[in-house]
Amino acid sequence: MNNEEKHPKVFELATMILIILTSVLGAIIGIQIIVTLGVTPNTAIIGALIAMLISRIPMKFFKKYQSIHRQNLIQTAISSATFGAANSLLIPIGIPFVLGKTDLIFPALIGAALAMFVDSFMLYRLFDSKLFPAKEVWAPGVATAESILAGQKGGKRAGLLGVGAVIGLIGSMLSIPMSAFGVAFIGNEFALGMFGLGLLITQYAMPVLNLNLSSMYVPHGIMIGAGIVALIQAGVLIFGNKGKIDVESEEEMTRSSASAKKTLGLGYLLYFLISLLVAIMGGLYSHMSIGMFMLFLFYAAFAAIVHEIIVGIAAMHSGWFPAFAVALITLLIGILLGFPHEALAIMVAFSTATGPAFADMGFDFKTGYIIRGNGKDKQAEEEGRKHQYHAGLIAFGIALLIIASTYHFLFAQNLFPPVDAVYVSTIKAGASVKIAEQMAIWAVPGAIIQLIGGPSKQLGVMLATGLLISTPNACWAVLIGLLIRIVVVKIWGKKAEAPMGILASGFIAADALYSFGTSMYKTIK
């Protein structure tokens, strides 16, 4: 396969047509489902399936879509448009609408759009660095890659994936969270063990112990403590002195620590400038003193970059990301700092725009990484990832155009993401010294657990992620999946890991398709 075949260009007619069409479809799907059900479906596999089906049309033009690399660009575009429209744009601009500050909607849209593009730029520059290694799990990306490869190669891989898909579909129909079960087969055992423990505590704290952990701000405090330590560990990882082993491991990656340093510094600067622009557009300077205004700018930029890093770490290890919860934490801290309502609305809209698109593009890049041979050819990997990034940018641009042209209609019908009501009620309710004390108390064990696990296991962040997610029985799916994995590997050894990974991909793919199908059915109904 020559380089042209390996890396079809985004601006080729065949590729561009389907990128545009699937991006429009993905954005519409994302908007419709998030305003009706409050969730965002993973449409990556849908995009890959569309390209596969079109490639079967018996005409010469459509044979171009048989390229797995072109299929990869299509799945990148549709998922980017879905998460971009729903999470990075509509949720942020819905916050000032629900708050009744309609004059802040346009500034929020500008800030969210710019933050979304910076967010994707940072992931592009950080993916396959020591902070976000390509070899980590990124489970939904693995599932999409296996689906694409099975469609091309067939054979035992396709058969095993099919078996996994059937089991996954049955499990999903029985309300078993099969994505969680599948992730347990391929993720870091320690990280997922803490994730499962967090899910277990969340599910049974109230019915067994009569404890409402959320009202006690236990998950929030643990995430704050773990997040602070995780940020310090990330800084040490990127900015610390490199030993011989670190240098050798870094040589296998496509992004150096020096590049990651520049990206983080540039990212913070860009977020600061965007927060300044939005603050001026929204007239926030008239509501705060100069000192408070400067504090707001520094904090808004910090919240945005922290949000994307914590959400990215959780997504990388578990395939799940607590974007809403982390944004709520940054909001609570902003309230404690004393920012007025207008500033809080802009700040949380700004930070909410980062994270989900960051994590989703990480999944997309993982798909491409597997398809391109798991990084064996660095040049091909970097070239292919660049085209994926360009596909994502086009999709984000289409998502922005669709949101900009439809949000008036949506808000006129009182349609907005339900999570916005939670943000606004939190802003109106405010925060107290007692809440600060509770979060500070629980931040201590979160920090200790994260410190013990180190940056490779992310125990504190994953425990907090589990505590912040309330999917019924996901704890049992993760913990039983881990137990099965340990037993199988103990009996058959490391050779069992590859087929288990393909089976897991089938579970995750089926769960994604089932969730997408049921979501579409509910919205249509």
Side-chain angles (χ1 to χ4, degrees), residues 38 91-105 107-108 111-112 115 206 211-228 275 278-279 281-304 306-307 310-311 322-355 414 416-444 446 464 467-468 470:
I91 287 179
I93 66 173
I95 296 168
F97 167 74
V98 177
L99 189 61
K101 305 290 184 180
T102 54
D103 57 312
L104 295 179
I105 293 177
M206 190 65 189
L211 293 175
N212 188 330
L213 299 181
S214 293
S215 66
M216 296 166 62
Y217 293 93
V218 174
H220 309 77
I222 290 178
M223 180 60 90
I224 289 172
I228 291 172
S275 65
V278 175
M281 291 179 63
L284 300 187
Y285 52 84
S286 64
H287 300 280
M288 295 179 280
S289 65
I290 294 177
M292 183 64 77
F293 184 71
M294 292 304 298
L295 177 62
F296 168 78
L297 296 179
F298 282 108
Y299 179 70
F302 177 74
V306 166
H307 190 258
I310 298 300
V311 168
F324 159 67
V326 178
L328 187 63
I329 291 169
T330 61
L331 173 59
L332 289 170
I333 295 174
I335 292 172
L336 292 169
L337 290 173
F339 298 133
H341 286 185
E342 294 84 357
L344 290 169
I346 288 294
M347 186 277 296
V348 73
F350 185 54
S351 64
T352 300
T354 68
N414 206 34
F416 56 85
V419 69
D420 288 336
V422 180
Y423 289 132
V424 171
S425 64
T426 303
I427 291 172
K428 290 181 176 179
S432 64
V433 175
K434 183 179 180 181
I435 291 175
E437 290 176 349
Q438 288 177 315
M439 290 195 297
I441 290 170
W442 288 104
V444 175
L467 291 170
L468 290 165
S470 57

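The shown structure was predicted, so the numbers you read here are calculated from the model rather than taken from an experiment. Each residue takes its place number in the sequence, starting with 1.
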I'd like to check the side chain to side chain contact (heavy atoms under 4.5 Å, CB included) partners of Ala343; sequence neighbours left out, ordered by chain and number.
Leu284, Met288, Phe296, Phe339, Pro340
Are Leu336 and Met439 packed together at the side-chain level, in the sense that at least one heavy-atom pair is separated by less than 4.5 angstrom?
yes
How long is the gap from CG on Leu331 to CG on Leu344, to the nearest 0.5 Å?
6.0 Å
Between Thr426 and Ile335, which heavy-atom pair has the shortest distance, and what is it?
O-CD1, 3.5 Å
Determine which pairs satisfy salt bridge (Lys or Arg N to Asp or Glu O under 4.0 Å) with at least one residue from residues 322-342, sequence neighbours left out, and list them in order.
Lys101-Glu342
Keeping to residues at least two apart or across chains, list the salt bridge (Lys or Arg N to Asp or Glu O under 4.0 Å) pairs with something in residues 435-444.
none
Please name all residues satisfying side chain to side chain contact (heavy atoms under 4.5 Å, CB included) with Val306, sequence neighbours left out, ordered by chain then number.
Leu231, Phe302, Ile310
With a 4.5 Å cut-off on side-chain heavy atoms, are Met216 and Asn212 touching?
no
If you measure from CD1 on Ile435 to CD1 on Ile333, what distance do you get to the nearest 0.5 Å?
12.0 Å
Closest heavy-atom contact between Ala421 and Val98?
CA-CG1, 4.2 Å
Separation between OG of Ser214 and CG of Leu468, rounded to the nearest 0.5 Å:
7.5 Å
Taking the side chain as everything from C-beta on, heavy atoms only, tell me whether Phe97 gets closer than 4.5 Å to Phe416.
yes
For Ala327 and Thr352, the nearest pair of non-hydrogen atoms, with its separation, is CB-OG1, 3.7 Å
Pairs in or reaching into residues 283-299: which pass side-chain hydrogen bond (donor to acceptor under 3.5 Å, both in side chains), with residues at least two apart or in two chains?
none
Any residue meeting ring-ring contact (aromatic ring centres under 6.0 Å, His included) with Phe324, in chain and number order, not counting sequence neighbours:
Tyr423
Nearest heavy-atom pair of Ala304 and Phe350: which atoms, and what distance?
CB-CE2, 3.9 Å
Partner set under side chain to side chain contact (heavy atoms under 4.5 Å, CB included) for Ala112, not counting sequence neighbours:
Leu89, Pro92, Ala353
If you measure from NE2 on His220 to CG on Leu467, what distance do you get to the nearest 0.5 Å?
10.5 Å
Interatomic spacing from CG in Leu99 to CD1 in Ile95 - rounded to 0.5 Å:
9.5 Å
Please report the shortest heavy-atom distance between Ser351 and Thr354, naming the atom on each side.
O-OG1, 2.8 Å
Output all residues satisfying ring-ring contact (aromatic ring centres under 6.0 Å, His included) with His307, sequence neighbours left out; order by chain, then residue number.
none
With side-chain contact (heavy atoms from CB on, under 4.5 Å) as the test, would you mind laying out the steps for Met206 and Leu211 before giving the verdict?
CA-CA 5 Å; Met206 190 65 189; Leu211 293 175; 5.8 Å; no
Taking every heavy atom of Val311 against every heavy atom of Ala323, the minimum-distance pair comes out as CG2-CA, 3.8 Å
Please name all residues satisfying side chain to side chain contact (heavy atoms under 4.5 Å, CB included) with Ile441, sequence neighbours left out, ordered by chain then number.
none
Please round to the nearest 0.5 Å and tell me the distance separating atom CD1 of Ile290 and atom CG of Leu295.
13.5 Å
